[in-house]
Structure formats: structure tokens, C-alpha cells
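The structure appears right after this line, and notes come after that.
Letters go in sequence order (proteins before strands), and every chain restarts at 1.
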Amino acid sequence: MSVPILVSAAWPYANAEIHVGNLTGSYLPADIFARYQRLKGNQVLMVSGSDSHGTPITVRADAEGTTPLAVYQRFHEGFIDLFQQLGLNYDLFTSTHTQNHQKVSQSVFLALKKNGYLYTESQMQWYAPSQNRFLPDRYVEGTCYICGYENARSDQCDKCGNLLEADRLINPKSKIDCSTPELRSTEHFYIDLARLQDHVVDFLKIRDSYWRPNVMRQSLGQILAEKLHGRAITRDLDWGIPLPEEVMEEGKEWETKRLYVWFEAVIGYLSASIEWGKLAGNPEAWRTWWQNPESRTYYFIGKDNIPFHAVIWPAELIGAGKAFDEVMGDANPQPLVLPYDVPANEFMNLEGQKISGSRNWAVWARDFLTRYDPDALRYYLTVNMPESKDTDWDWDEFYHRNNDELVATWGNLANRVLSFCNKYWEGQVPDPGELTDLDTDLLKIIEEGFETVGDLIDAVKLRAAAAEAMRLASEVNKYLDMTAPWQQVKTDKPAAARAIFTALKAIDSLKILFAPFLPFTCDRLHGYMGYDGSLFGTQTTEILTDELGQHKVLRYDPTGATGKWEPSKLKAGDPLRQPVALFKKLDVSIVEEERARLGNK
RNA sequence: GGCGAGGUAGCUCAACGGUGGAGCAGUGGACUCAUAAGCCAUUGGAUGUGGGUUCAAAUCCCACCCUCGCCA
């Protein structure tokens with residue numbers, strides 16, 4: 001039975017490079033999970049994209065003297081480059097700056113409106129007559145009316161720390177042109193979360209038994225403590241998604257407003273699924289994951305995003321419901337599937353301190369890959385993944401994990417057995433004759449790994465799953481020491497053949513157990529074991545054009561993927577190839593070299 | 001100052017109500033197929049401090065101390 005599984009990975013915000021903490025927080029666990037489910041034969045759809053709207057991007061564009069579009073595109077292309085290098089197999093990695101996403105977001109907006117979950121309200125906001133536009137809070141500075149500090153932001157003073165009432169700021173100035181702004185009333189749409197609260201609480205209670213406690217605490221716990229209240233979903237800005245035409249016809253003032261980025265970015269999971277279907281030539285395909293009660297949707301995110309994915313996004317889905325299909329013009333409207341799990345990770349620190357891009361206290365992923373291999377990074381980030389609490393990236397630990405576990409336990413195991421076999425049986429799997437209990441016991445232990453490792457991945461306990469696979473590799477090393485084929489080969493070659501056959505079969509199985517974590521090296525090992533073709537499909541990029549311009553996407557082509565989550569079927573006489581070491585042993589000097597890079601710009 | 005997370009073997013972390021574990025490091029040993037890798041044995045612990053609940057607490061409750069983060 002094949003289950004539809006939607007793997008949603010957090011949308012990286014397109015105004016900064018990706019560091020190792022971002023990877024281990026959401027993108028990497030999503031890929032490991034998706035690869036496992038693909039090997040299992042489930043119907044996997046893994047989607048994400050660049051979050052390309054919002055004030056931080058306009059601020060950066062202003063600072064660099066360029067456009068928000070250029071800022072977003074530069075980082076977006078960097079993300080795609082990184083994800084290819086690291087083997088993150090998105091079925092579609094797109095962007096929120098597409099015509100498709102715009103239409104889907106507007107449809108969710110209209111569906112919420114149709115169901116009565118939107119209302120409008122006025123608020124006072126700084127307006128710059130010199131530019132004919134409203135200014136976001138962080139664009140207005142002035143003198144603090146409490147402490148007299150001259151560069152206080154309009155909403156808050158960095159000197160005395162007080163929250164300020166915008167209309168009492170002394171000598172307000174626009175940060176853009178130093179002109180004097182004035183307060184004007186502006187009207188916005190709000191989502192009526194108070195009226196959706198009961199539905200959201202029911203949704204969360206059903207999932208209480210299997211969600212991570214930290215996620216439950218920040219969703220259900222928070223709601224029960226503080227209640228939900230309406231939240232503005234539009235703002236005065238020109239970079240972002242305009243309101244639907246139906247709304248703009250209601251009044252000219254709506255033409256200058258955009259959807260708030262927190263409201264539309266999460267809709268990306270839905271819009272990307274729809275875009276993927278169109279690209280695959282099946283525009284209805286998205287319904288398999290979004291309208292099928294059997295479908296399971298997983299959202300891999302960092303802890304900073306919990307309220308948006310565990311509360312607000314479900315509220316949007318509940319509030320839109322069948323009306324989404326109606327707005328999109330479908331004759332047989334169906335409700336939308338709510339999140340099955342939100343396995344949010346905590347944060348990864350770096351050498352004992354919080355990662356900080358501005359202080360260059362970070363290990364940048366693309367920079368890392370110029371010196372080390374992707375599987376070495378994937379392994380260390382997996383065994384040190386912050387699944388239940390913050391963890392620490394430590395270069396000395398990276399060095400040890402790489403050399404002592406990846407190289408010594410697993411890589412060396414594959415290498416020693418393949419080399420030995422090539423030496424004495426001329427590159428063929430030897431005929432074992434009849435297996436002894438010792439042999440079948442080992443093979444049984446390894447076969448059980450497909451259950452134990454698989455169950456752990458299913459439960460999104462990835463670090464435990466990787467540790468279990470490594471433990472099984474250790475079992476094979478023990479078996480080899482017990483049988484000692486290097487001695488047997490001198491006195492009893494059939495016995496040596498039996499041991500090497502058994503070890504080869506175990507390694508062939510371990511190759512699959514490790515594949516979700518270490519796809520590059522497992523694919524190479526697949527070749528050394530004599531197979532043609534690869535375990536997984538291939539990644540491709542494409543440039544697409546729509547009314548908003550061009551956007552680059554990363555896609556996944558499953559054609560030619562031969563990997564299956566099942567024990568080895570290797571048999572006597574199968575040909576093998578000459579192995580090359582799977583992993584690079586690192587010199588201890590890298591620890592100090594890498595530490596010296598930190599904090600320097 | 002408020003909120004949150006955490007303090008378990010030298011290091012990184014599991015156990016989260018029922019005899020304190022793993023990996024690495026350390027020590028001793030046998031082996032040599034392999035990237036001087038692997039294997040066997042073994043030394044390390046008032047689970048931050050003090051109280052409480054319980055037949056039973058690293059685990060639940062309270063106070064305090066320390067670390068880190070977020071907000072201020």
C-alpha cells in the first residue's frame with residue numbers, strides 16, 4: 001500500500017545565505033525523510049521555495065542600492081546551487097514571486113473572505129507625503145519622548161527599551177529621505193483567528209499524543225494561555241502580492257496594499273504543489289496530497305516558525321476549506337488536508353555561541369562544501385540534529401565523527417570486504433555453500449534493521465535512526481573478527497568464501513539503510529557492488545517564465561531510481577567493481593584552521 | 001527585569017516515575033583483510049544545590065545557584 005506523503009520544508013528567506021544551522025533545522029531532515037519514503041515506495045511530494053517578499057528584503061535592497069527583485073533572485077539562485085550540491089531532492093523548489101503563487105494566495109484570501117473569516121479595521125501609520133506612501137515602522141526614526149535618545153525607532157527605543165506610541169515620537173524623520181512623515185489612518189484586512197480558535201484547538205488536541213512536546217507547548221499551550229486574536233494580513237508596501245482584483249474594485253485604497261508576508265509565505269506549500277502538478281503535465285495531481293484523507297503532510301521547520309505552521313497555517317486551511325476550490329472554479333469542491341505532523345527542530349549553536357550571520361559566527365554551507373564532501377556534512381548534521389533541544393556544532397567533534405565513525409566504522413567496512421573479495425575471488429561474489437548459524441544470525445540482525453531504522457525514520461527520530469544503522473555496521477565488523485576470513489583463506493577457503501559472501505550481503509543491505517542519510521556515497525557503493533543505475537532519481541533546474549518575469553526552479557526526476565527499502569538480493573557469481581574509499585579522512589589541523597575563520601569578516 | 005530552554009562519566013549526548021546508558025577519549029590485550037581502520041576487555045557518575053510528593057525521583061512539585069537564548 002502506497003501512502004501519499006507531502007514533505008514540506010521551510011521556505012528560506014531570500015535575504016541571507018544558508019548556514020549549517022538552517023540545514024539541520026529543516027531542509028536536511030526533510031530530505032532524509034523524503035528519501036526514505038521514496039525507497040519505501042510511497043507517493044512522495046517534497047516542495048518548498050524561496051520566501052521572496054517582505055520588508056527585510058526591501059531594506060536590504062535599499063541598503064545595496066538595488067531592487068528587491070534583484071536581492072531575492074541572487075539568494076534564490078544560491079539556494080538552488082546549494083541544494084543541488086547537497087543532494088536535497090525537492091520535487092519542486094520554487095519561489096513565492098510567481099504568478100501561480102500569487103493566484104493561489106489570492107484564492108485563499110478570497111476563500112477566507114467568502115467564509116466570513118476576514119474583517120477590516122483602521123490603524124494609524126506614518127505616511128511620507130514626499131513619496132506618497134506609508135512607511136513601515138522601522139523606516140521612521142525620531143527622538144524618544146521618554147529618554148531623549150535621538151535615533152529611536154517609531155515603535156520602540158533601542159536606548160531605554162520602551163515600546164513607543166508612534167504618534168508621540170518627537171521630530172519623526174523618514175530613514176529614506178529624511179523628510180518629515182505624518183500620521184494617517186490606513187485600513188487593513190484582518191484574519192479572524194478568534195473565531196477560528198475552537199477549530200484550531202480541536203485540530204491540535206487530536207495530534208497531542210504524537211507531536212513533539214515543544215511544538216505542542218508553543219501551539220496548544222500558547223492558545224490556551226493567551227487566546228487567539230485577529231491579525232492584520234495586509235500592509236502598505238509595494239513589494240509583495242497585491243490584493244485580489246475583486247477587492248481592489250471595492251475601493252481605490254486597496255491598490256497600494258500587499259498581502260503580509262507571514263500570511264502568504266505558508267500558502268507556498270499549497271501553491272508549489274499546484275505548480276509542480278502543472279509542470280508534470282497533471283494539473284489535478286496536487287489533490288492526491290491536499291484533498292485525500294489518507295494523505296499525510298509533514299512540515300519540517302525550525303522552532304522559530306512553530307506558531308505559523310502549527311496554528312496560523314492550519315487556521316488558514318480550516319478557514320478556507322471547500323471555498324478554496326470554489327474560488328479556483330472547481331465543480332466538486334473539497335476541503336484541504338490539515339498538517340499531520342510538524343516535527344520542528346530546535347537550534348544548532350556554533351562552538352558554544354549562537355550562530356550570527358552579521359558577526360560571521362557561522363559555518364556557511366556553500367563555503368563548507370568547497371573544502372569537504374556533502375555526505376560528511378549530512379552525517380554530522382544528522383547525528384547532532386537538534387531534535388529535542390539545542391545542540392552545538394563543534395569542529396573537533398566534526399573531525400572525530402568523520403574519522404571515527406564515517407571513515408573507520410562504515411567506510412572502512414565496505415572497503416576492507418570489497419578489497420579482500422577482489423583479491424581472492426577476482427571481483428565476483430563468492431559461492432558460500434551452506435550458511436552456518438553465525439552467518440544467518442548476522443543477516444537476520446541486518447534485515448531487522450529495515451524495520452527498526454525504518455520505524456525510527458517514520459517517527460522522525462533521525463539521529464537515533466542513523467545511530468542504529470551505524471550500530472549495525474559495527475555488528476558486521478564484529479562478525480568479520482569472529483570469522484577472520486583472512487586466516488580462513490589460507491587453510492579453509494570455502495569457509496572464507498562463506499564469511500565474505502555474508503559480509504557482502506550485509507553491506508549491500510546497509511547501503512540502503514544509510515542511503516537516506518548518505519545518498520552520494522551509498523550510490524557510489526551501489527556501483528562498487530556491481531549494480532548499474534542509481535538508487536535515486538536526478539535533480540534538474542529549469543527557468544520558467546510567467547507574467548511576473550522569470551524564476552529558476554529545482555526539480556526531481558524519479559526516472560531511473562532503482563533503490564528499494566528491502567534486504568540485499570546479492571548472489572554468488574555477481575560481478576563486483578574495484579572500490580575507492582568512500583570517505584576522506586581529515587587531518588586534525590582542520591579543527592584550528594576552521595576555528596580561526598570564525599568571527600572574521 | 002520578564003519569558004523560555006538547559007545543567008547527567010574527561011567530551012558530545014540518551015534515558016523523562018520502576019536496577020543511571022551510548023559513542024568518543026583513557027587503560028590493558030589478541031589480530032592484520034582494510035583509509036595505522038576493525039575486534040575483545042576495562043577504568044570513569046552524591047544525574048547543579050536544598051527541600052517536598054511517592055512503595056519508588058535524573059525523571060513530578062517548590063526554592064535557590066549557574067549557563068544559553070528570546071523579549072525588554
- Distance (rounded to the nearest 0.5 Å) between A/L510 CG and A/L518 CG: 11.0 Å
- Task: Indicate yes or no for a side-chain donor-acceptor contact from A/D51 to the backbone of A/Y13 under 3.5 Å, with no hydrogens or angles considered.
- Result: no
- Query: Of A/N384 and A/F347, whose closest RNA chain B nucleotide lies nearer the 5' terminus?
  - Reply: A/N384
- Task: Examine B/G38: is either OP1 or OP2 under 4.0 Å from a nitrogen or oxygen in the side chain of A/K478? Give yes or no.
- Result: no
- Message: Measure CZ/A/R416 against P/B/C39 and give the value in whole Å, please.
- Response: 8 Å
- Side-chain N or O of A/S474 less than 4.0 angstrom from OP1 or OP2 on B/C39? yes
- Message: Would you say A/Q487 places a side-chain N or O within less than 4.0 Å of OP1 or OP2 belonging to B/U32?
- Response: yes
- Using purine N1 to pyrimidine N3 plus N6-O4 or O6-N4 for Watson-Crick, or N1-O2 and O6-N3 for G-U wobble, each under 3.5 Å, what pairs with B/C64? B/G48
- Between C1' of B/A14 and CE of A/M385, the distance in whole Å: 17 Å
- From B/C39, B/A25, B/G23, nucleotide with atom closest to A/D404 side chain: B/A25
- Task: Could you check how far CE of A/M348 sits from C1' of B/U12, rounded to whole Å?
- Result: 11 Å
- N/O donor-acceptor pair under 3.5 Å between A/R463 side chain and A/V383 backbone: yes
- Query: What do you reckon, do A/W486 and the base of B/C33 stack, with centroid distance below 5.5 Å and planes below 30°?
  - Reply: yes
- Message: My understanding is that a pair needs two contacts under 3.5 Å, Watson-Crick or G-U wobble. By that rule, which nucleotide pairs with B/G69?
- Response: B/C3
- Does B/A36 pair with anything, Watson-Crick or G-U wobble, both distances under 3.5 Å, and if so, with which nucleotide? none
